[in-house]
Amino acid sequence: MAGDGDTIELTFTLNGAPVTVAVPAKGTALPVLRDQLGCATVKAGCSPQGVCGSCAAIVGGKERLTCTLPAKALAGKEVLTHDGLPPVQAELVARAFAAAGLAQAGYEVPGMVMAFFALRAEAQGQPLDADAVRKGLQLHVCRTLGYEAVIAAFLLADRVLSGQDDLPAVPAHLVAAALGRRPSLDDLHRPGLLHAALVLAPQARCRIDAVDPAAALALPGVAAVLTAADLPAALTFGCCIADSPVLVGSGQSTTGCADPVAVVVAASAELARQAAGAVTLATTAEAPELSLNHAAGQADRVLHRVRVQRGEARAVLAQAAHKARLHTETRGADPLFVEPEAALAVPLSGGRFRVYSAGQDLFRDLEQLCALSGLDPDQLEVEHLPAGGAFGARLDLLVAGHALLAAQRTGRPVKLALTMEEGSRLHAGRHPTWIQLELGCDAEGRLLALHGTVLLDTGGHTGAGPIVADAIARNAALAYDVEHVDLDVLLVRTDNPPAGASPGLGVPEYAFAVEGALEQLAAATGLDPLDLRARNLLRPGQVTAAGWTVPDSWNPGPVVEALRPEVDRLRAAGMPVGVAFGALHVGVPGDMAMAEAVVQGPGHVVLYTGMSEAGQGFDTRAILAAAHATGLPMDHFEVRASTARDVPGGPTLAGRDLRLGLPAVRAAAAALARALDEAGGDLSALVGRSFPGEASADPVVGFTAQAAAIGQDGGLSELVVAIATGELDEGAHSVGLLAGAAELGLEAAITAEREVDGGGMPETRWTKLGLLKARHVPPLTLRALRGGPALPVLDTLAVATPAAVANALAAATGQRPDVLPAKDNGVARKMGVRPPKK
């Protein structure tokens, strides 16, 4: 019987050529294909959990997920990856995926290309239909687009290969992305590359008594082990407050599952992980603080507090004709982005370094990296590569700092890539919340006063918590006109897993409470819930309790009227219906971003930006905008998010990339266009010149009105979303983004929860984290109206969906859930959630 260290020899056919390779006897196929045989188009997403589909290949004529397929199963088989697909057909499919918007979704798309070819082979010349595609997607996830958009992309690709549809021109980078040929962070390689691995503390809360790297250093091929004693400069970092330890040292205590103790650097990723396991830790377990309410009573654990006060809320509530009182809670959730965290740090000449990562705040990352490395900004360049989703969780620096420290120590390039399980411990998720709320109205249903307390569990370190707390305070009355408001928002440190800037910035959790109170008031006044909400909407020019002025672009009326007939239709069909409105105010006055167009060759213009691409299409929109402004071909342009040019833009969050980053690119492209015109259209005459652009914007407010209906089977029969899309185009990708945001809201309502054990350690298995797949998504009706604010559209969608679903459950059962996700109901059963353990 083979032991763990034994190897076996396999012979099979890879993309038409015979190969023979020695592999670990108990290993899986993915590292054989990806690492040993160089098939970088096969991606390592959730490996080895077999959930996301990024690692798909066709083995023996069938689609297989190679991260769970035993390596020995390759023996004697015909194995196809992207490089073995018919080139003309592969190009057409990639272009179809790009035209349908799917190619922009990111890391998971190459796996879907393999799924498409497997499905088409099964169909044996018959056209694909939506049901077949939906079934074929069960091995795959899409985290940025709605599944109906994914299905539409498959059907378009099928028609294109059958000669039924033509395709428009698409940017070359999208074709490369769809076929897995746009390098992701874990694909990067440099001569002399070393690999790093983190040593994480064994408990969420413990004292580190000693760290002994001797056994790890004794392993051949181990280059270094860094501990807290080796840190050259700052000992902590953080996107808002620097209180996350780079490494926890001897005599110090951890404050959550995300704290690393050491960094091991070795010749291979496998060896680095082996050596990390050989580092000996002496620890003393300590009792973790996991109770949000208990922690909130300790002054030193309240990290940030925002209070909104206007008028006399308590006194007015005492006199209100009707009052609603409720208490709600929401659980933490993992962002479940498909591409694991990774970073590459490369030494350059003259003591300089370049770091490749995938964050959401480029120049803030530069500041933090300089602080912890001791480098000056002119000694360090940071470049963000496109990532497979972010959902706010990439605001935190995570592994880039450790990769840079390892490169400084060894003088060689170092790559650090987390496993999905490690990432689930380290990256920020949705804040758990505890909310107490009282809302009052007069006899006619006019809202008078709101009083409430919001507790946010930010985990062991501040992270992006202040951004979330401030967003809730800024949206204290949501879409409604409430004259008297007293809202207290507290950011609380516990020893739970880290939390951060999730979609909607905490406002969906708060809206769940407010919209629940509105349901109580509708029942008390006898008003239709839709009418009660409509009569209390804000008006342009009003100053809210939080002190912001409602912009002239605010016009929710058409959105409400678009929803009204849909609600009537659902009710006429005898279905219980829940409604909710969602509003989100984001931005600060005079917010700005910069960009620069640099002509590097006669057919090559680099668009430098401070904004990051995270699967929402910023890079593509930037290229299209520049091509339109200049008349140059799309393939002349490349987008780089890099500190190599002075183009600060702030965080890529809540639509800022499209609201500020894209106009800055347009301004730079317009300057280039003017110079190009003066040069008679000769781009080669402009080589070496640069053209800066700048854009500013005031705060904006997005709005959506939604309805959820419960069917006779107890499941969610339909979700109707009416929304003002502003300047968002009507293309397939934009529609898919809207649907994808609504599906994330469904997860928050019913499925998504990062469970934490009694020691503060989170669940890391994707099948247990509430991932929504195609077969469980209910029908979505989208009523998208042009006009209104330019953005934020997507985050606004996340605000209303959980509340609408909760109100539908109340209409169906007579009892509204006071905790989300609501897992013990028919809707949850239909969406694949097992009943909670009693």
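Quantities reported herein were computed from a predicted structural model and do not represent experimental measurements.
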Enter the distance from [X]:[atom1] to [Y]:[atom2] here, rounded to the nearest 0.5 Å.
| X | Y | atom1 | atom2 | answer |
| --- | --- | --- | --- | --- |
| Leu385 | Glu613 | CG | CD | 11.0 Å |
| Leu366 | Leu397 | CG | CG | 10.5 Å |
| Arg354 | Thr643 | CZ | OG1 | 9.0 Å |
| Thr796 | Phe703 | OG1 | CZ | 10.0 Å |
| Gln379 | Cys370 | CD | SG | 8.0 Å |
| Leu456 | Ile472 | CG | CD1 | 4.5 Å |

If you take all heavy atoms of [X] and [Y], which pair is closest and at what distance?
| X | Y | answer |
| --- | --- | --- |
| Ala669 | Thr630 | O-CG2, 3.7 Å |
| Ser54 | Val338 | OG-CG1, 3.3 Å |
| Leu537 | Pro556 | CD1-CG, 3.9 Å |
| Leu404 | Leu380 | CD2-CD2, 4.1 Å |
| Arg656 | Met592 | NH2-O, 3.6 Å |
| Ala100 | Ala732 | O-CB, 3.2 Å |

Heavy-atom check, side chain of [X] versus side chain of [Y], under 4.5 Å:
| X | Y | result |
| --- | --- | --- |
| Ser690 | Arg645 | yes |
| Glu148 | Val735 | no |
| Leu538 | Val701 | no |
| Asp365 | Ser357 | yes |
| Phe97 | Val150 | no |
| Val665 | Val639 | no |
| Leu344 | Val346 | yes |
| Pro551 | Asp698 | no |

Verify side chain to side chain contact (heavy atoms under 4.5 Å, CB included) between Asp646 and Tyr608, making sure each step is shown before the conclusion. CA-CA 9 Å; Asp646 189 19; Tyr608 283 94; over 6 Å; no
Quick one: which of Glu383, Glu596, His384 gives a side-chain hydrogen bond (donor to acceptor under 3.5 Å, both in side chains) with Arg640?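 Only one of Glu383, Glu596, His384 forms a side-chain hydrogen bond (donor to acceptor under 3.5 Å, both in side chains) with Arg640, namely Glu383.
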Quick one: does [X]'s side chain have a donor or acceptor within less than 3.5 Å of a partner on [Y]'s backbone?
| X | Y | result |
| --- | --- | --- |
| Glu108 | Arg143 | yes |
| Thr652 | Met611 | no |
| Arg364 | Gly238 | yes |
| Thr704 | Gly582 | no |
| Thr725 | Leu785 | yes |
| Gln360 | Gly392 | yes |
| His604 | Gln600 | no |
| Asn475 | His585 | yes |

Begin from the C-alpha positions of Leu746 and Leu780 and carry the test side chain to side chain contact (heavy atoms under 4.5 Å, CB included) through to its verdict. CA-CA 11 Å; Leu746 290 173; Leu780 172 66; over 6 Å; no
If we check side chain to side chain contact (heavy atoms under 4.5 Å, CB included) with Val308, which of these qualifies: Val489, Val485, Thr544?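 Per the side chain to side chain contact (heavy atoms under 4.5 Å, CB included) rule, the option paired with Val308 is Val485, out of Val489, Val485, Thr544.
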For the residue pair Phe581 and Tyr480, does the interplanar ring angle fall in the parallel (under 30°), tilted (30 to 60°) or perpendicular (over 60°) class?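 Parallel, since the angle between the ring planes stays under 30°.
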Around [X], counting heavy atoms of other residues, nucleotides and ligands shown, do more than 12 lie under 6.0 Å from its [atom1]?
| X | atom1 | result |
| --- | --- | --- |
| His628 | NE2 | no |
| Asp378 | CG | yes |
| Asp376 | CG | yes |

Could I get the full list of side-chain hydrogen bond (donor to acceptor under 3.5 Å, both in side chains) partners for Arg394, not counting sequence neighbours?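 Not a single residue meets the side-chain hydrogen bond (donor to acceptor under 3.5 Å, both in side chains) criterion with Arg394.
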For the residue pair Glu509 and His431, confirm or rule out a side-chain donor-acceptor distance under 3.5 Å.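 Judged by distance alone, the side chains do not pair up.
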Under a plain distance cut-off of 3.5 Å, with no hydrogens placed, do Asp481 and Gln542 share a side-chain donor-acceptor pair?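 Note: Gln542 and Asp481 side chains meet the donor-acceptor criterion.
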Would Arg783 and Leu563 satisfy side chain to side chain contact (heavy atoms under 4.5 Å, CB included), going step by step from the backbone distance to the final call? CA-CA 8 Å; Arg783 296 286 177 256; Leu563 184 71; over 6 Å; no
N-O pairing of Arg533 and Glu515 below 4.0 Å: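 Salt bridge: yes.
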Identify each donor-acceptor pair in which a side-chain atom of residues 168-186 lies under 3.5 Å from a protein atom, sequence neighbours left out, and give them as a table.
{"from": "His173", "atom 1": "NE2", "to": "Thr620", "atom 2": "OG1", "distance (Å)": "3.0"}
{"from": "Ser184", "atom 1": "OG", "to": "Asp187", "atom 2": "OD2", "distance (Å)": "2.9"}

Decide side chain to side chain contact (heavy atoms under 4.5 Å, CB included) for Leu369 and Leu375; before the verdict, give the C-alpha distance in whole Å, the side-chain angles of both, and the deciding distance to 0.1 Å. CA-CA 8 Å; Leu369 289 169; Leu375 295 171; over 6 Å; no
